[in-house]
Amino acid sequence: MTAIDAPELRRRTRELLAAHPPATTGRTDFLRARFDAGLAWVHYPAGLGGLDAPRSLQPVVDAELAAAGAPDNDPRRIGIGLGMAAPTILGFGTDEQKRRFLRPLWVGEEVWCQLFSEPGAGSDLAALGTRAVREEADGDWIVDGQKVWTSSAHVARWAILIARTDPDLPKHRGISYFICDMTDPGVEVRPLRQITGEAEFNEVFLTGVRIPDSRRLGPVGAGWKVAQTTLMNERVSIGGSRIPREGGMIGPVARTWRERPELRTHDLHQRLLTLWVEAEVARLAGERLRQQLVAGQPGPEGSGMKLAFARLNQEISGLEVELLGEEGLLYSDWTMRRPDLVDFTGRDAGYRYLRSKGNSIEGGTSEVLLNIVAERVLGLPAEPRNDKDVAWKDLSR
Amino acid sequence: MTAQTEETVAPDLLYSEAEDDLRAAVRSLLADRSDAPTVIARIESDTPYDPQLWRALGADIGTAGLLVPEKLGGQGAGHREAAVVLEELGRSVTPAPYLTSAVVATETLLALGSEDGPVAELLAELAAGRKVAVLAVPFSAAPEGSSAAEAVTGSLDGTVTAVADAAAADVLLVPTTDGLYAVETDAPGVTVEPLVALDRTRPLATVTLAAATGTCLAGTEAARSALRRGLLAGAGLLASEQLGLAEWCLTETVRYTRERHQFNRPIGSFQALKHRMAQLWLEVVSARAAARNAADALATGSPDTPLAVAVAQAYCSKVAVHAAEECIQLHGGIGMTWEHPAHLYLKRAKADAIAYGTAGSHREAIAELMELPAP
């Protein structure tokens with residue numbers, strides 16, 4: 001078999017483009033053909049949208065396709081599927097699960113959501129109380145509980161779900177991991193209106209949801225371990241790509257500063273320059289992390305980048321509202337909308353300011369991430385815990 | 001430059017294998033010859049610099065000539081390598097005239113572009129570690145808008161205060177109203193009067209010239225741009241010293257808080273302390289990217305260099321001071337003692353925050369370069 005290198009990938013990409021000219025091929029047909037050619041995510045196995053090629057070669061394919069005007073699979077809309085469900089299915093799924101789920105996931109025909117967090121289990125995710133009870137007759141699982149902060153639940157076809165399958169074990173050990181059909185009649189999705197006025201997230205109520213055992217991911221009771229893969233991929237996906245100077249939240253603020261001299265004050269100038277420097281340094285730190293990954297020396301810096309961007313987004317968007325003065329007193333629209341995709345930076349300054357408050361909470365709070373850095377990177381001792389060896393059912397709630 | 005300028009070639013922000021080897025050699029030398037008790041003993045003596053250490057570092061390992069091309073007697077390496085040396089010197093707060101002589105004075109001379117004559121001769125001496133030269137400007141002089149050249153007149157009369165490492169220098173490079181002069185420190189009319197400095201690991205002195213004599217190296221215009229280049233390199237690579245310093249402070253603080261027990265637990269297990277150290281780690285990681293970017297820009301002669309240097313200084317100064325302050329606080333009472341080296345790092349970090357322009361002056365430079373003007 002030919003080793004897959006950049007020229008070979010380029011050749012295969014051109015072959016795909018020749019066989020399925022984007023100008024005359026439907027979007028979904030083209031994406032399916034791309035998946036079948038192994039050019040979807042080249043580091044995935046052959047037959048599952050990839051070619052077992054180095055991950056670092058994906059940009060070769062993407063550049064060729066972009067130049068040819070080929071449709072993309074809108075990764076923002078299907079981010080949870082691509083970033084979290086896919087690596088978990090690849091890592092723990094059966095052959096049949098991989099064949100069934102990965103192609104429509106990648107093509108974007110099936111949107112995924114994540115049923116992890118609960119009202120009583122946020123940062124302490126392993127404390128979750130949604131129950132999955134196995135039926136003796138057919139081995140199916142019956143799930144009851146409530147999940148929260150579920151983006152895309154209202155458009156999702158599938159969900160990755162963690163549920164408690166053994167309350168007699170300590171909390172990390174009695175959890176199993178499932179693929180949940182969001183069209184099941186026991187699944188009820190309710191919009192959860194947020195600080196911005198929109199309902200980007202949902203609450204999901206699970207009542208007697210029947211999940212066949214064939215849609216369990218990983219062994220019974222190993223759900224926490226499987227979930228670690230999902231969560232690690234969630235954090236890695238933040239800050240992995242090359243950002244141009246002023247490419248982040250600082251961009252619109254700097255533009256406003258240049259275009260509207262009447263808004264300038266000395267206090268705002270000092271704060272703008274300080275944040276401009278921090279944004280530039282965070283960009284460089286992200287670039288250094290990217291170079292480390294390409295050089296095959298992945299560092300622990302990834303867990304830090306989310307922390308940096310959360311704080312910067314909050315401070316910069318806060319400055320932007322003040323810079324706008326009278327305009328900063330206004331807000332575009334308080335109508336409750338249910339957007340299909342997460343929008344961090346779109347709309348106006350007030351929206352950016354309010355939405356950024358979530359950046360230090362979603363995907364692991366800044367406090368939890370600081371603990372992770374302190375313990376896993378710096379090697380500082382964990383705080384004493386009293387919940388590790390106690391059965392989940394005996395924990396106080 | 002416009003806001004949207006894209007670097008044509010992405011800066012290399014990693015360390016090469018050769019740089020890692022150089023670091024290992026420098027670190028091992030400094031571990032042997034410049035540990036904290038030695039540094040404390042040195043700064044309380046009449047000779048804060050150890051001439052033998054300087055010979056080993058500058059001449060034997062060859063760090064003094066890293067920036068100097070081989071044909072002029074140097075190593076023909078560059079700013080990325082010099083930055084690695086400075087990281088190690090920052091980590092050990094070693095008193096050595098490396099930044100002032102091997103970087104700032106050397107870069108100033110290199111900017112004159114002479115391949116023979118007195119400039120080339122002096123460069124060869126500096127590169128070989130046989131002589132030390134420092135710029136006769138205040139250590140606080142920023143690359144942009146420096147009025148350093150106004151202090152001394154063409155007849156070599158005048159006083160310059162707070163000149164770093166002047167006491168260790170054989171030669172002063174004196175910018176004057178009509179050009180750049182090389183003046184031997186033992187020449188008639190030259191007085192180098194040591195000052196009591198906040199940071200005794202980088203001694204300061206007042207230089208007084210009274211009808212001194214020297215060799216004219218360049219006229220006014222050439223001198224001005226060479227001086228600017230020298231100070232730019234100094235500011236840019238100072239960021240690496242600050243990085244090394246901050247890294248030491250973090251590493252030592254983590255080590256100490258893992259060992260020190262109070263309330264029947266290591267104090268490093270308390271979340272209030274862990275978060276502060278994790279935050280510092282994030283700052284150190286970011287400072288590394290900024291410092292590497294400045295070193296790489298200087299090394300490649302990138303048009304982005306003034307911005308890269310200003311960003312690195314505006315950021316790394318604050319990180320080094322923060323790391324040193326946290327180091328003292330998290331060490332508790334021991335951090336306040338003369339015996340523990342933490343104070344050396346705080347004093348160096350605070351002095352470094354003023355050296356070659358404050359963070360504020362570098363932010364002003366950024367405002368200019370990025371078209372983000374003051375009201």
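Reminder, nothing fancy here: chain letters follow the sequence lines and each chain counts from 1. Remember, it's a predicted structure, so these values are computed and weren't measured experimentally. The analysis underlying the following values was restricted to heavy atoms, covering all of them including side chains, and did not include hydrogens, waters or symmetry mates.
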Novice: Which one wins on heavy-atom pair count under 4.5 Å against chain A: B/Leu250, B/Val285, B/Leu372?
Specialist: B/Leu372

Novice: Please look at A/Thr274 and chain B and tell me whether the side chain, the backbone, both or neither of the residue comes under 4.5 angstrom of a heavy atom of that chain.
Specialist: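 For A/Thr274, the contact with chain B is made by backbone and side chain together.
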
Novice: What residues of residues 13-22 of chain B sit under 4.5 Å from chain A when only non-hydrogen atoms are counted?
Specialist: B/Leu13, B/Leu14, B/Tyr15

Novice: Heavy-atom cut-off 4.5 Å, strictly under: side chain, backbone, both or neither for A/Glu262 against chain B?
Specialist: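 When you check distances to chain B, no heavy atom of A/Glu262 falls under 4.5 Å.
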
Novice: Is the side chain of B/Thr305 donor-acceptor paired with the backbone N or O of B/Ala297 at a distance under 3.5 Å, no angle test?
Specialist: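 Confirmed, B/Thr305 side chain pairs with B/Ala297 backbone.
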
Novice: Taking A/Thr265, A/Val281, A/Val277, A/Leu268 one by one, which has the highest count of heavy-atom pairs under 4.5 Å against chain B?
Specialist: A/Val281

Novice: Which one, A/Pro384, A/Ala285, A/Ala254, A/Ala282, leads in non-hydrogen pairs under 4.5 Å with chain B?
Specialist: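 Option with the greatest count: A/Pro384.
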
Novice: Would you mind telling me which of B/Pro375, B/Ala314, B/Ala289, B/Ala290 has the largest number of heavy-atom pairs within less than 4.5 Å of chain A?
Specialist: B/Pro375

Novice: Tell me, for A/Leu263 versus chain B, whether the close heavy atoms (under 4.5 Å) come from the side chain, the backbone, both or neither.
Specialist: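 Neither part, no heavy atoms under 4.5 Å.
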
Novice: Between A/Ser366 and A/Leu369, does a side-chain contact (heavy atoms from CB on, under 4.5 Å) hold up when you go through it step by step?
Specialist: CA-CA 5 Å; A/Ser366 291; A/Leu369 290 178; 5.6 Å; no

Novice: Could you please spell out the steps behind the side-chain contact (heavy atoms from CB on, under 4.5 Å) verdict for B/Arg91 and B/Arg23?
Specialist: CA-CA 11 Å; B/Arg91 200 189 304 275; B/Arg23 177 196 304 286; 3.6 Å; yes

Novice: Using the rule given for side-chain contact (heavy atoms from CB on, under 4.5 Å), can you reason through A/Phe116 versus A/Thr230, listing the C-alpha separation, both sets of side-chain angles and the distance that settles it, and then say yes or no?
Specialist: CA-CA 10 Å; A/Phe116 279 23; A/Thr230 313; 3.9 Å; yes

Novice: Is it the case that A/Glu287 and A/Gln291 place a side-chain donor and acceptor less than 3.5 Å from each other?
Specialist: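 Their side chains do contain a donor-acceptor pair, which is all the 3.5 Å distance test asks for.
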
Novice: Which of residues 252-260 of chain B have a heavy atom under 4.5 Å from any heavy atom of chain A?
Specialist: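 B/Val254, B/Thr257, B/Arg258 fall under the 4.5 Å cut-off.
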
Novice: A/Arg311, A/Arg288, A/Arg264: which one forms the most heavy-atom pairs within less than 4.5 Å of chain B?
Specialist: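 The answer is A/Arg288.
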
Novice: Could you measure the distance from the NE2 atom of B/His362 to the CD atom of B/Glu364? Nearest 0.5 Å is fine.
Specialist: 10.5 Å

Novice: I'd like to know if the side chain of B/Arg228 reaches the main chain of B/Ala142, judged simply by a donor and an acceptor atom lying under 3.5 Å from each other, with no hydrogens or angles considered.
Specialist: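 No, the answer is negative, given that no donor and acceptor are paired below the 3.5 Å cut-off.
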
Novice: Ignoring hydrogens and angles, tell me if any N or O in the side chain of A/Trp257 forms a donor-acceptor pair with the backbone of B/Pro373 under 3.5 Å.
Specialist: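 It does hold such a pair.
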
Novice: Between B/Arg80 and B/Asp12, is there a salt bridge with N-O shorter than 4.0 Å?
Specialist: yes

Novice: Can a side-chain donor-acceptor contact be found between B/Gln242 and B/Ser317 if the only test is distance below 3.5 angstrom?
Specialist: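 Yes, because at least one side-chain N or O of B/Ser317 sits under 3.5 Å from a partner of the opposite role on B/Gln242.
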
Novice: Going by the side-chain contact (heavy atoms from CB on, under 4.5 Å) test, name the single residue among B/Asp304, B/Leu307, B/Val311 that passes it with B/Leu369.
Specialist: B/Leu307

Novice: Using a strict threshold of under 4.0 Å (side-chain N to carboxylate O), is an ion pair present between B/Glu368 and B/Arg363?
Specialist: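 No, no charged N to carboxylate O under 4.0 Å.
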
Novice: Side-chain donor-acceptor pair under 3.5 Å between A/Asp62 and A/Gln58, yes or no?
Specialist: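 Note: A/Asp62 and A/Gln58 side chains meet the donor-acceptor criterion.
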
Novice: Quick one: which residues of residues 265-284 of chain B reach chain A at under 4.5 angstrom, heavy atoms only?
Specialist: B/Arg265, B/Pro266, B/Gly268, B/Ser269, B/Phe270, B/Gln271, B/Lys274, B/His275, B/Met277, B/Ala278, B/Gln279, B/Trp281, B/Leu282

Novice: Ion pair present between B/Arg288 and B/Glu247, side-chain N to carboxylate O less than 4.0 angstrom?
Specialist: yes

Novice: What are the residues of residues 318-325 of chain A, in order of number, with any heavy atom under 4.5 angstrom from a heavy atom of chain B?
Specialist: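 Hits under 4.5 Å: none found.
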
Novice: Is the closest basic N to carboxylate O distance between A/Glu362 and A/Lys357 below 4.0 Å?
Specialist: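 Answer for the salt bridge query: no.
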
Novice: Could you walk me through whether B/Val85 and B/Leu89 pass side-chain contact (heavy atoms from CB on, under 4.5 Å), step by step?
Specialist: CA-CA 6 Å; B/Val85 175; B/Leu89 287 168; 3.9 Å; yes

Novice: Does a donor on one side chain and an acceptor on the other come within less than 3.5 Å for A/Gln270 and A/Asp267?
Specialist: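 The answer is no; no qualifying pair exists.
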
Novice: Does this structure show an ion pair linking B/Glu325 with B/Lys318, if we count only N-O contacts that are shorter than 4.0 Å?
Specialist: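 No, this pair does not count.
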
Novice: Is the closest basic N to carboxylate O distance between A/Arg258 and A/Glu246 below 4.0 Å?
Specialist: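 Here A/Arg258 pairs with A/Glu246 in a salt bridge, since their nearest N and O are under 4.0 Å apart.
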
Novice: Can you say whether the rings of A/His172 and A/Trp224 are parallel (under 30°), tilted (30 to 60°) or perpendicular (over 60°)?
Specialist: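 Rings of A/His172 and A/Trp224: perpendicular, over 60°.
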
